[in-house]
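First comes the structure, then the notes that go with it.
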Amino acid sequence: MEPLIVVDHVNKHFGELHVLKDITTTIHRGEVVVVIGPSGSGKSTLCRAINRLETIDNGTITIDGQALPSEGAALAKLRADVGMVFQSFNLFSHKTVLENITLGQLKVRKRSKSDADKRAMELLDRVGVADQAAKMPSQLSGGQQQRVAIARALAMDPKVMLFDEPTSALDPEMINEVLDVMVGLAKDGMTMVVVTHEMGFARKAAKRVLFMADGEIVEEATPEKFFTNPQSPRAQDFLSKVLTH
Ligand SMILES: Nc1ncnc2c1ncn2[C@@H]1O[C@H](COP(=O)(O)OP(=O)(O)O)[C@@H](O)[C@H]1O
Ligand SMILES: [Mg+2]
């Protein structure tokens with residue numbers, strides 16, 4: 001398989017705190033990788049570093065063979081190639097659902113309004129909220145808003161989608177409607193990095209689980225192997241805690 005994201009010996013500090021410790025991993029095209037680990041282990045920082053929302057101290061991150069530019073138009077283009085979905089949906093609250101999906105297409109991808117509208121409606125249909133297009137985000141449920149956020153990221157035709165705990169802020173009955181959309185994307189061959197503790201999703205869609213603790217990748221395995229037979233004491237300890245919930 002062809003490498004799409006190559007993270008090579010990456011280190012990152014926040015002051016004295018060493019949050020990414022010599023992280024090395026490769027995400028291949030079409031691969032779905034779940035990142036799991038205790039709070040504070042560096043999962044969000046890794047996602048943000050891949051998208052250049054955070055700088056790194058040293059090491060390299062390349063996306064589709066290109067090193068991450070630090071600023072300017074090249075950075076804007078790279079960001080558009082990397083779709084990002086956060087825990088808190090981060091929709092533009094003063095714009096309609098439809099406008100949320102067309103804005104980046106018009107500004108970054110320079111599409112015509114009619115092309116952008118057409119693509120937006122296709123994507124809203126795909127995530128099951130086409131009938132909400134004219135509403136404001138605050139009129140939607142959390143699950144609907146997160147599906148709009150996924151559609152917004154997809155509208156840029158990203159090479160990879162990063163999800164940082166996309167269901168953690170949702171009421172339990174809305175989690176599956178978001179996970180179902182993500183499973184569908186995985187089936188369609190999207191390259192995905194997903195920070196989540198949803199084991200059902202990991203088992204259904206992920207090829208590989210990356211377990212992080214204290215800024216390190218402690219263990220990498222298939223979901224089956226990781227959840228049934230974790231090798232490291234830290235993973236065993238973590239799983240014994242999350243599995244009891
Ligand atoms: N902007 C920041 N400034 C200082 N410390 C931060 C910042 N962002 C994250 N951290 C710290 O870095 C560590 C890793 O955070 P994070 O990547 O958010 O972990 P996770 O997503 O696994 O919970 C934590 O100790 C956190 O408090
Ligand atoms: Mg986090």
Side-chain angles (χ1 to χ4, degrees), residues 4-5 29-30 32 44 47-48 50-54 63-64 66 68-69 71-170 174-195:
L4 185 59
I5 302 177
R29 205 180 289 278
V32 177
S44 294
C47 284
R48 293 168 60 81
I50 289 172
N51 201 19
R52 254 296 188 186
L53 293 166
E54 285 296 351
I63 296 178
D64 213 3
Q66 296 196 297
L68 292 189
E71 57 194 6
L75 179 59
K77 185 171 177 312
L78 173 121
R79 286 241 175 86
D81 284 343
V82 181
M84 181 109 190
V85 175
F86 302 89
Q87 178 175 334
S88 51
F89 327 123
N90 290 12
L91 295 173
F92 307 119
S93 59
H94 54 291
K95 303 220 176 275
T96 65
V97 164
L98 183 71
E99 286 164 348
N100 264 273
I101 318 284
T102 55
L103 194 66
Q105 298 188 69
L106 300 170
K107 295 234 157 121
V108 181
R109 293 297 192 216
K110 312 285 184 203
R111 289 183 189 144
S112 69
K113 180 156 184 333
S114 64
D115 284 353
D117 281 345
K118 183 164 170 284
R119 180 87 176 113
M121 288 312 299
E122 283 167 10
L123 287 166
L124 287 172
D125 188 46
R126 174 173 183 177
V127 302
V129 289
D131 53 344
Q132 311 293 319
K135 290 191 181 165
M136 302 305 283
S138 61
Q139 295 175 282
L140 273 57
S141 72
Q144 289 173 324
Q145 288 186 55
Q146 192 61 305
R147 285 182 283 148
V148 172
I150 293 171
R152 182 177 61 177
L154 290 173
M156 306 304 281
D157 297 326
K159 290 178 178 167
V160 54
M161 289 279 286
L162 307 180
F163 294 83
D164 191 0
E165 302 206 32
T167 60
S168 298
L170 296 175
M174 292 170 190
I175 290 176
N176 279 336
E177 66 192 44
V178 172
L179 292 178
D180 287 347
V181 168
M182 292 166 59
V183 170
L185 277 180
K187 287 208 173 112
D188 288 350
M190 176 62 77
T191 309
M192 295 163 70
V193 178
V194 184
V195 179

Provide the closest heavy-atom pair for [X] versus [Y] in the form atom of the first, atom of the second, distance.
X	Y	answer
Ser93	Pro137	O-CD, 3.9 Å
Leu124	Ala151	CD2-CB, 4.3 Å
Phe92	Asn100	N-OD1, 2.8 Å
Phe89	Ala149	O-CB, 3.8 Å
Gly143	Leu170	N-CD2, 3.6 Å

Sub-4.5 Å side-chain heavy-atom contact between Leu154 and Met190: yes
How long is the gap from [atom1] on [X] to [atom2] on [Y], to the nearest 0.5 Å?
X	Y	atom1	atom2	result
Gln145	Arg152	CD	CZ	10.5 Å
Leu103	Leu98	CG	CG	11.0 Å
Leu185	Thr191	CG	OG1	11.0 Å
Leu162	Ile50	CG	CD1	5.5 Å
Glu54	Cys47	CD	SG	11.5 Å
Ile150	Leu123	CD1	CG	11.0 Å

Salt bridge (Lys or Arg N to Asp or Glu O under 4.0 Å) contacts in which one or both residues fall within residues 84-104, not counting sequence neighbours: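 Not a single pair qualifies under salt bridge (Lys or Arg N to Asp or Glu O under 4.0 Å).
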Residue list, side chain to side chain donor-acceptor pair (under 3.5 Å) with Ser44, at least two apart or on another chain: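 Here the qualifying residues are Asp164.
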Check: Pro166 main-chain N/O paired with Gln146 side-chain donor or acceptor under 3.5 Å: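 Yes, the answer is positive, given that a donor and an acceptor are paired below the 3.5 Å cut-off.
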Can you give each donor-acceptor pair under 3.5 Å made by side-chain atoms of residues 125-132, sequence neighbours left out, with the distance rounded to 0.1 Å?
{"unit_1": "Arg126", "atom_1": "NH2", "unit_2": "Asp188", "atom_2": "OD2", "d": "2.7"}
{"unit_1": "Gln132", "atom_1": "OE1", "unit_2": "Lys135", "atom_2": "NZ", "d": "2.9"}

Solution key, residues 78-88 side-chain donor-acceptor pairs under 3.5 Å, sequence neighbours excluded:
{"unit_1": "Arg79", "atom_1": "NE", "unit_2": "Asn51", "atom_2": "O", "d": "3.0"}
{"unit_1": "Arg79", "atom_1": "NH2", "unit_2": "Arg52", "atom_2": "O", "d": "2.8"}
{"unit_1": "Asp81", "atom_1": "OD1", "unit_2": "Arg109", "atom_2": "NH2", "d": "3.1"}
{"unit_1": "Asp81", "atom_1": "OD2", "unit_2": "Lys77", "atom_2": "NZ", "d": "3.4"}
{"unit_1": "Ser88", "atom_1": "OG", "unit_2": "Asn90", "atom_2": "OD1", "d": "3.0"}

Residues in salt bridge (Lys or Arg N to Asp or Glu O under 4.0 Å) contact with Glu177, at least two apart in sequence or another chain: Arg147
Salt bridge (Lys or Arg N to Asp or Glu O under 4.0 Å) against Arg29, all qualifying residues, sequence neighbours excluded: Glu2, Asp64
Listing, residues 115-122 side-chain donor-acceptor contacts under 3.5 Å, not counting sequence neighbours, or none:
{"unit_1": "Asp115", "atom_1": "OD2", "unit_2": "Ser112", "atom_2": "OG", "d": "3.4"}
{"unit_1": "Asp117", "atom_1": "OD2", "unit_2": "Lys113", "atom_2": "NZ", "d": "2.7"}
{"unit_1": "Lys118", "atom_1": "NZ", "unit_2": "Glu122", "atom_2": "OE2", "d": "3.4"}
{"unit_1": "Arg119", "atom_1": "NH2", "unit_2": "Asp157", "atom_2": "OD1", "d": "2.9"}

Criterion side chain to side chain contact (heavy atoms under 4.5 Å, CB included) on Ile63 and Gln66, from CA distance to verdict: CA-CA 5 Å; Ile63 296 178; Gln66 296 196 297; 5.8 Å; no
